[in-house]
Each structure stands twice: as C-alpha cells, then as structure tokens.
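Comments concern the structure below.
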Amino acid sequence: MEDSFQHAHGFLQTVVLLTLFLPLISFALSIIISYRYAWIVSISAPLFLLASAVCATIALFSQWNAPDVLMKFNWFTLGKDVFSADLLISNLVLLMLFVVALISFLVHLYSVGYMAGDKNIKRYFAMLGFFTFSMQGIVLSDSLLVLFVFWELVGFSSYLLIGHYSESINAGRASKKAFILNRIGDIGFLVCLMLVWSNQHSFNIIEIVGGEPSEWKTYASLCLFFGVVGKSAQFPLFTWLPDAMEGPTPVSALMHAATMVAAGVYLVIKVFPFFTPVTLEVITIIGLVTALIGGFSALAQFDIKKILAYSTISQLGLMLIGAGASMPEAALLHLLTHAFFKACLFLGAGAVIHSLHQAQRQAHAHFDAQDIRCMGGLSKKLRWTFATFVVSGASLAGIPFFSGFLSKEALLTSVWMQQGYFSAIVFLGFAIVSVLTVLYTYRLVYFVFLGESRMVKELPVTEIPLIMRIPLTILAVGSFWFVVSWSPFDFSGWLFEYSKTRAPIELTIGSSVIILVTLFFSTKIYRSGVAHTSDVLRNGFYVDSFYNKVSLYALTPIYRATLFLDRKVIDGGIHFSVYAQVTFAHVVAWVDRQIVDGLVHLVAGVASGIGSLIRSFQGGKIQHYVYWAVFAIIIFLICVLK
Amino acid sequence: MSSYSIILYGFILIALISAIGILAVNNVFKAALFLLTCLLSLAAIYVLCLAEFVAVTQILVYAGGVVVVIIFGIMLTTKLTGKPLEVKNGNLFPGLLAALAFASMLVKYQSMMATSTAELSTMSENLVSKTGVELMTNYVLPFELAGLLLLMALIGAAVTTRSTPE
Amino acid sequence: MNLQEALHIIEKSLSYLYPELILTGGILVLITISLFKRISSIVFSVVSISICLATISLLVEEGLLRASLFSGIIVKESFSTYLKILANIGSLVTCVMTLSSNNQRMKSAEFYALLLTIVLGGHFLVMSNNLLMVFISMEIISISSYVLAGHANTKEASEGSLKYFLFGSVASAIMLYGFSLLYGVTGTLDFATEGFVKGITEYNSPILLIAGFMALAGFLFKVGAAPMHPWAPDVYQGASVPVVAFLSVVPKLAGIGILIKFILVISAYGQSKYDWQAIISVVAILTLTVGNFSALAQRNLKRMMAYSSIAQTGFLLVGIAAYLPEGIQFMLFYATVYVAMNFIVFISLQFFEQRNIWNTEHFAGTGRLLLWPSISMLIGLIALTGLPPTAGFTGKLFIFSSLWEAYHLSEKNILLWLFVFGLLNTVVSLFYYLKIPYYAFLKEGQSVEKGNFNLWENLLSLILVLVVLGLFFAPGLLMCWINSVNFVL
Amino acid sequence: MIEALPLHILSAFLFATGLAIVIIKRNAIVVLMGIELMLNASNVNLIVFNRMHPSTFDGQMFALFVIIVAVCETAVGLAIILRVYRFYKTSVPDHIQELKG
C-alpha cells in the first residue's frame, strides 16, 4: 500500500509545514503581545498569512500533477496499534491548501481596515490565525482521528469568533447554537470513527477508502455524512448558519462562506471512494432538499448577510448533489469558484455595512445598516464595491463568462449523465435552484445598489479604504472564467483536465439561455415591483403591500384574464409565480423556525424534564434517600431474580 | 426437644421481641433499654453457638459502652428544650414495605441455605486462648488497623464536638 | 502452622509495607504535634514529606509483580501500586490547596491526620484480598470522611456530614450483610482463593445474587454511583472545597480499585451463571444518566461538580463494564486524567469561592478580570466534557473503544445500550460544563476586583493543565507505563 | 444439636427491623440504634456460618471486628449528631434539609 506513494522530500515538507504552522505562529504572537501594543497584531497577522499563502503557492506549483506524497508522522503507539498523524499531499489537497491560505490572507488584510478600532482586535486576529491553522489541518491530515481533532478545533474557533461582539446577546446565543448543532453532527462523526476502527483497525484514509462496499461501510459513511451535515449546514442542521451572521462580516466571509462550511464538502470529496451507493443517494437527496430550502429562503430575507447565508446553504447543497452524482471533481470545482465569489460577495456586503456605519456615525442617523430595504442607489456612491459585487454576483448567478457558470455546468453535467427518473427529478430541482439563484442575486443587487435611494439618500456615504479594496479586487478577478479554464464555455480547463468529462453542447446552450431569460425577467419583476409600490415606500411597508397587490391578482384570475389580455397576462403570470415562490419561502422559513428549532427546544425540554424528575428524589431528607436507595436495590433484585 | 433448644429459642424470641419493641415504642429511653435487652440476648445466643469470646466482647462493648453512650447522647440532645422524649414516626409505609421486602427475600433464600446443610456441625474445641493467638498471628494486620480506626474515631469525635469560636 | 512460622510471615510481610508504615508514622507524628504546638509550617512539612516519601517508596518497588502478604489477606501488585500512587498525588495536591484556604480549621494537624488516614485506608483497600480487610479499610475511609466532610464547622458542612454518616452507615451495614452471606456460601473470607470461586460456581442459588448485590451497594456508595449516590450532592455542597476535591478523587479511586476485583470474583471470572457484566452496565447507564441530567439545572457550582463527579464515575464504570484487560488499562488512563482535570477545576473553584463567586450567574465577566483562573477552569471543564485538545477526549475515546470491542466480542445488547447512552450523555454534559465559560467569557457582569492565583495555585494548575494537554498529544507516555501494569488477584 | 433455620430467620428479621427503624423513626439517635441492629444481624449470620465451616475462626473474628467498627461509628455518629443539634436545635433528620435539589 505504502509503496505506491512517494515519500516527501525535504523541500516540499518544509513548505507544507510552513503553510500549516505560520498561522499558528500568528495566533501565538497575537496572544503574547500585551494590550498596549495591540496595533502590532494588525500588521504581523496579515504578514504571517501572506507568507503562508506564498508557501502554499510554491507547494501548488512545484507539486501540481505530480504523484501523491505521503508524509508520515507517528503520533502514539498503543500496544500493537500505531496511531499516525500522516499528511497526504495530492492535487486536491494542494488546491484546497492554496485556496484556504489565499482567502484567509485576503480576509486578514480586509480585517485590518474593517476591524480598525475594535478593542478586542488581539483576540480577533488570534482566533482568525487559529482557525486558519485548524482548517489547514483538516485539509492536510490523512488520519480520520487527527482530522476529527482539527474538525473540533475549527468548530471551537468558530464558536469564539461568532461570539466576538460579546456585548450582543444575539451573538452569544448564535455562537451557542452553532456550537451545539455542530456537536450533534459530531456524534455521527464519532460513531463513524468507532465503526471504522473496529472494522479496519486503522484511521488512515488511504487505507480505509479501498475495498468493496459493505454493510458496515454504509452505516459508517452515513454517520460520517451526518457529521458533514452539521458542519456544512445541511438540512436539517442548517439553522445555525444564518444566525452565525451575528459575527463580524470578514469572519462570515472566511468561515461561513469560503472555508469552514466547505470543510464538510471537502471531507466528502476526500473520502469519496468510501461512500456506498446508498449513502450517495442520501447525499443527493439531502443536498437537493437543502439547495431548494436555501434558495427559497434567500428570496424572503431582508438582511443582506442572511440572504448571502441562505445562498451559501443552497450552494453547498448543490455541491453535495454533484458529489452524490458520483462526480466529486465537479463538487470540488464549485467549491473553489464558490470560495472566491462568495468571499467577494461577503466582503462587499461588509464594505456596504462598514461605509453605512461610518456615514451613520457622521450624520447621527439611525436605521438597520444591514437591511436592504433601507439601502438602494448605492452604485453611485460606492462605485468600486458595486463593480466587484456585480462581478461576483454574476458568478454566483451563473452567468456565462464567469466562473460560477462553468462550475455549475460541471455539476449539471454530473447529474445529466446519471440515468433514471430519480436523476431527472434531481435535474429539475437543480434547474429550479439555478433560477432561484439568479432571482435572489438580482434582487440583492437591485435593492442595494440600483433603484432609488431610500434611507441612504442624505447620508454622506464614502468609498471604503484602499486596504479593503485590494482583497475585493483580487477576489472579483478570481470570479471570471479564466480561473477554471481558458474557454469560457468549457469547464474542462486546466483545473479539471484530469477528468475526461465534457458538457454536452445542448446543456451549455440550454442553461445559458435559461439563465439569461431568468435574468431578463428578474429585471422586469423587481423594476415593476418597485414601481407598483412606490407609494408604499414612504411607509416602509414595501413587502406587505406588494403581497396585497399580487394576491389581489392571484385571487381574481378570471377578472384579470378578461381585463388584461395583452402583455399584462405575462406580467401577471410572473407575479403569480413570484407570489407562489414567496409563499413557499415563508412556509419553509416557518418550518425552519417551528419544526427544526422546535426540535432543538423539544430535546432541551425533555432533557431538563428528565433532570427534574431525577432531582425530585433529591429532596434533602436523608431518610428518603435511604429508602429510595433501598428500593432501587430491591427493584434491581426483583428484576434479576424474576 | 432438648433443654438446650428451649433456651436457644427463648433467647431468639427475646431478641426478636425487643427489636420490634424499638420500632414500636415512642419513648427514646425505652427504645435504648430494648436495644440493651436485644444485644444481651444476642450475646447469650453467641454463647450457645460456642463463640464465648465474641459474646463477652458483645456484653462489654455494647452493653457497657455503646448503649451508655447512646443514653448520654439522648440526654444531651433533649436537655436544652426540655421536651418530652417522644419519637414520632414518619415514612411508615415505605419503611415497612422495604423492611418486608427484604425480610421475605432473605428468609426465603436463606432458609434454602439452612436446609442444604441441615445441622450445624459441632466444633471440637473453642478456647479463648486460641482466639487470642489467631488475633495476633493471622489477623494481626486487621487488628492493628482496628486500633488505628479507634484512634482516628476518637480524634474525629473530639474534633467534631470541639467548639471553635466562629 | 506454629507460632515461629507465623511471626516469620509477619516480619517478612512488614518489609513490603514501607509506604503504609511511613504514612502511619506521619499520622502519629501529626497527632503528637497537635497535642503540643500549632505551627502550621511544621504540620504542613510533616504531611508533605510523609506523602512524598510514601510515593517514592511506591515508585521504587514499582516493578514488583506480585507479593502475597500476611498469609494472603493483602496482595501487592502493580495495579494496586498504580492506584496508590494516584491517591498519594491526589492527597498531595489537596494539601497544597489547603495552603490558600482561608479557613484555619483546614490547616490544623487533626485535619491532615484524618487526610492521611483516608489515604492509608485507600492503600489497604486496593490491596485487600479478604472480605474482612475490605470491610475494615473501607470503614477507616468512611469514618474519617464523615469527620472531614463536616470539618469546616459551618451549618451546611454539619448537615452534609450527618447525611453522609447516616447514609454511609446504612450502606456499610447492607454491605456487611452481603459479606456475611458470601462467607456462608463459600466458607472463606479470602476471596482470591480457589475455595471462594468454587463456592460461587457450585452454589447454585439466588442467595448469591442477593449477597452480591448487598455487597455491591457498599462499593457503589463509596464510588458515588447510582443508586447509592444521593449523599454526594449534599455533602459536596456543604463541605469546603479542598475536602470536596479530595473526596471526589481518593476514596473514589480506592473504591473503583476494589470494585473491579469484587466484580471479577463475584462473577467467578466470567463463569458464574449470573450476568454481572450486564448488571454493572445497567449501573453505569443509571449513573451516567442521573449525574448528567441532574447537573443540567444546578446553579451552585459545587453541587454541579458533585453531579459531574457522579457522571465521571459512570465513565469509569464503562471501563469496568468492558470486562477486558484493555478496558481496565484504559480505565486507569481515564482515572489519571480525571484526577488532573478534577483538581484543575477545584483549584480555580476555591479561588472563585473566596471571592464569593459560587453561582453560575456570578461568573459573568470574570473572564476578563480574573483571566488566568478562568482560563484554567475553562481547560478543566473542556477536559471533563471530553473535547479535544485535552486528554479528557483521549480518555473517553479509549474507554468507549474498549467498550465497542467488548460489544463485538460478546454481542451483548446491553453493552450497545451503554455505548449509546454514554455518547448521549457526553452531549448532555456539554450543556452544563460549558455554561460557566459561557458566562465567564461571553457575558459582561458585575465588577469584581482584578486578581490572579497565588504562587502555589498558579504552579499547581499550570502543571495539571500541562498534564491534561500533554497527555492528549502524547498519550503514549502514560500508556507505556500503564501497559506494564497487569491486573492479577 | 441446634438447627440453623431459626437463627437465619432471626438475622433476617433483625436486619429488616433495623432498616425499618432507620427509615421510620424521626430521631437521629434512634436511627443510630437501627444501624446497630443491622450490624448485629450480620454478626448473628457470621457466627452461625462459622459453625457451618468450623475449620477456621474467620466468622467469629469478623464478628469481633464488626463490634469494634460499630463502636467507632457510634462515637463519630453521636459527635456529628451533637454538632448538628447545636446548629439546627433538632435531632429529627427530616428537619435537616437545607441542602437539596
């Protein structure tokens, strides 16, 4: 087994280890420095991360398409069993290593501007460094046990970062929720570890992925996938991600869009041969359900970050569909492109919020700086941000000539090539999600940057500082098609050449047409929507009136059919479909709130119920203690004696 | 039925009645006296079972020591309020239920044990001197530990009751 | 056997008992000191020197395989030696903790004498191979513990010690009755002899089950396992922190040591027709559930730690329930980690209690002002929860993997249930353990004065934290030693 | 010669009565008496069983040590009861219930 792997030579080992440990050094330095010199951290941390990113780049170019390398480290020995902490270096790992290092560096850079003046900046950069270290640990480690350790560390640093604004009650609640839901998923991971160990007596991925599918593998991989569900915010454990938006925006960009939530998908790709057909079907179903829920929910949100959060959930679901359709390469491709454009979108959103906050402070105005209903027309004031936002948004929407188009193409191809009714349904669902993506992306862009200025009209909004613009620009450039391949319509470019799959020409044309048509209609919907409700805008009740108007149309179709036989029919049809979608989105949100959250409450309630039942025996009277104990013995005896 | 058996049954009966007496009476002093009777009749039963040394210890330690200490304790904890020495009963039902469950279970299965070895074998000899030798040879470690236990119990009791100004 | 031979045996046996003799000497010196002078520095040095000497003499003879002393009523082997070393370390840490206590009674010579007596009793308890020795050493531990629990001389402490005493006396009376029945069945008190095992396998009557259960009640009382646990919360809440820390470690470890032996013997090394493995599994499930679920609603920290210690007993019992040699070794590993993490929490607990912080709500904002104590508490609690990167995680992983192996070997459903309940309870424990760090680090609270540990506490908690973290990254260091420990009766 | 059965019944009943006293009686000192009864029940057992296995003195020895332990328990127990009495002015175990939950 081991002979097929080349052993690491000194140079590669040094570079990879540097990539891994430089963020940890940054963390240590940020901890050590005293509060008085906290400003040093905001210089040193990005520098360390830059070094780490450079190392990752060197590793990527020196080892790209070379045979896989295994770096062996023995952790400890228990009797005969050797627990190793091996690091595996393959194309997949190198690519991910590079993406994490680069985006983490850019987020660090951005944070220097965004977090300037925060009193806990030391802790912030420390945890950011620590998070990057743990994430790179997940990327590199070849042992499931070590991977689990880093998995937990990632969850822990996320817990601390979500709760960064410690004065906010919501932040505390959100961080707790994220942590607990992740832990629930981790039970699955733990059980998988036990199953793997008892069946294979090894935790090394390269040793366990081989072999025929068997029953225990189905169970183990289902358990593992349950862990992924927790970390990658899939149905039914996705509710923590929208709440996690209470954290600082750069954190959301790094963790809750580009890297941490992608760790689950990455794990699926990494141990892909381990999954059995049954598990793959489950993965597809869960991915599809999540993608639909996320897409619909994104339509009904008004918080700029929550829209992006639900969009992330939806995109992660799409990645899992690709993995479930036996094409992990497609999932990886989407993971990479998504990392770039979603990070860019989040940082752009952060830029909007940041400049609005600044402006509010100057003008002493008070409104929710994250509510898109308050914005509008910002494109003239924040030109640079607008440009990057549109580029990355176009990539998210999957418009041709952008990277998102290509990666979605790859995912679609993977579903297309499957046979049977099941995959037809999946394909249909995928198409719906793609349409939804265009809709909510356009809605977001329109509400924030286009249209007329609402609350921000009078505000002296100014462009963000240069240090924040640099990361935005780099990420926006990374959202174009040439990141994936040289041809804007063929995803089998330089990143994807190890796969011989190509998209059918009809698929490419069909999807481009659908997306462009949807884009066209969405410009119609929102433009007309705003026109219809321009009188209501003053009251700030845009949605309610919009619903009223549309439902009036929907409830009197005959009246409308006789009266508007011209193009208003089309208009009405679109309105109707929008109405249905919005209703559905609300139903989904309700299910999310009542059923999933209710489930968490139910579990907590049952636990405290059992607790108080048991504690009722503990009434403080010693003689009661004695007789309860004696009764317990008697009951035990009667049970055993029969 | 020999006179030996009659004496044994007599003492068993006394022990049982006085044990139930402790449960039944409401006066603490009477309860203490019942305990004394019970322990003394047990000592007599030990003699009949050829365990003279244990019997003597029982009389000396229990009748002479423990019961007296208990009576002192009663006096100390009732003197201050001057209330009558009445004891009330609580948890009557669970207490009796637990006791009955244990008694029935033990009597049922222990009697099976007794019938399996129908008669007690006689001991050839039982000299007190032999007991002493055993204590100082085979049982010397428990014996010494018991000495330590007594010492620590005395110190503990002294520490516990010593009043420190708070 | 004539008198000459008997005396020879005694003389030879005594030469193996240096650690115990040193401890006894320490007790006597302390009692003598308490008669004349009350200089705390002398008292403290006597205690620490005698514990250190005893530990050193234990370490010196660590390689000893097995020695049967006093015609077989106690046996020295590496398993008991390991537990004895743990108990010694626990008592040493307790002594250092008392240094920073602000209750003068915690520094008196009698207090330390009682402490040493419990350690001595623990030594003999884990060595015992005889029911009489088990009873006597258990009573030494119990009676001294009753006194210690009330030693702070407050209202709560005296209530706790009364409850401890009444419950403990009933438990030991029940256990004694079980012993008498076992003696009747087998005709011998030496439970490692063939005659005892033969008696158990041949005597085919439910009376064995009753006897075993009644005896088990006493052991379960000692380790604080359900259903004999109700004393623990009240006693822990009342007693002062060093005493609680001590009681939750030393008597518990000694009780676990003898419980393993007893379970092995009562099931006649697995040949008994009664399934004692299932019984101990049920006890473990019950203990885990009671401990964790009751801890959920606690707001007093000492009381919460009492339930936590009940729950931790449950995890130790899981190692016993696995019924495998590895299970016992992993249990030893977990016990070691338990000692370290428990003391980390209690050291910071004492610090906080001296600043009138003993409720979860009081912890709001302490993370900023009392930084280091809060961090050390955080690490201790994370370890108790069983999260990486602490050895608590490694220990739980080891214990549950041995249980899983046992399930595969025996295919008993009850082991699977125990497994499921164990994992479930790990999740439940998260809710109450992390409540305190949550308040300390994420909430702003009332103003407390800035502060830090004193030198001793700092040193001690640093060492313990290093142990807990170090054993995660290199558990091999300890497992090497534990692998050489073999369990023989 | 004597039969073992009545002695077994005696010990079982003494144990049960002791347990009943411990649970029922509302006075700590009487509870202590109940504990003494329980200990004595096992003593009866030990001595009777010693007659069944007459080759050693094990049972009798055990009984002796039980008596010693009972003395220690009584001494410490009474001391604790006296102190609780000083704080609570009562020796009814049920009234001493500040710690609970």
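Here the structure is a predicted model, which is why all the values come from computation and not from measurement. Every chain is numbered from 1, with letters handed out A, B, ... down the list of sequences. All values below come from the heavy atoms of this structure, side chains included, with hydrogens, waters and symmetry mates left out.
Heavy atoms of Leu145(B) lying under 4.5 Å from chain C belong to its backbone as well as its side chain.
With Ile210(C) as the fixed residue, the side chain to side chain contact (heavy atoms under 4.5 Å, CB included) test singles out one of Lys108(B), Gln110(B), Met105(B): Met105(B).
Listed by first then second residue, pairs satisfying salt bridge (Lys or Arg N to Asp or Glu O under 4.0 Å) with a partner in residues 8-29 of chain C read Glu20(C)-Lys84(C), not counting sequence neighbours.
Scored by the side-chain contact (heavy atoms from CB on, under 4.5 Å) test, Val29(C) finds Ile33(C), Val46(C) as partners (sequence neighbours excluded).
To the nearest 0.5 Å, atoms CG (Leu148(C)) and OG1 (Thr160(B)) are separated by 9.5 Å. Between Asn138(B) atom CG and Phe70(C) atom CZ the span is 11.0 Å, to the nearest 0.5 Å. Rounding to the nearest 0.5 angstrom, the gap separating the OH atom in Tyr109(B) from the CG atom in Leu181(C) is 13.0 Å. Once rounded to the nearest 0.5 Å, the distance linking CG of Leu141(B) with CG of Leu17(C) reads 7.0 Å.
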**Request:** Take Arg105(C) and Val159(B) through the test side chain to side chain contact (heavy atoms under 4.5 Å, CB included) and record every step on the way to the result.
**Result:** CA-CA 10 Å; Arg105(C) 282 179 73 97; Val159(B) 169; 3.7 Å; yes
Side-chain polar contacts of residues 132-141 of chain C - donor-acceptor pairs under 3.5 angstrom, sequence neighbours left out - could you list them?
| residue | atom | partner | partner atom | Å |
| --- | --- | --- | --- | --- |
| Ser137(C) | OG | Met133(C) | O | 2.4 |
| Glu139(C) | OE2 | Ser172(C) | OG | 3.1 |

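Contacts between residues 159-168 of chain C and chain B, defined by a heavy-atom separation under 4.5 Å, are made by no residue at all.
Looking only at side-chain heavy atoms (C-beta outward), Leu120(C) and Leu148(B) come within less than 4.5 Å of each other.
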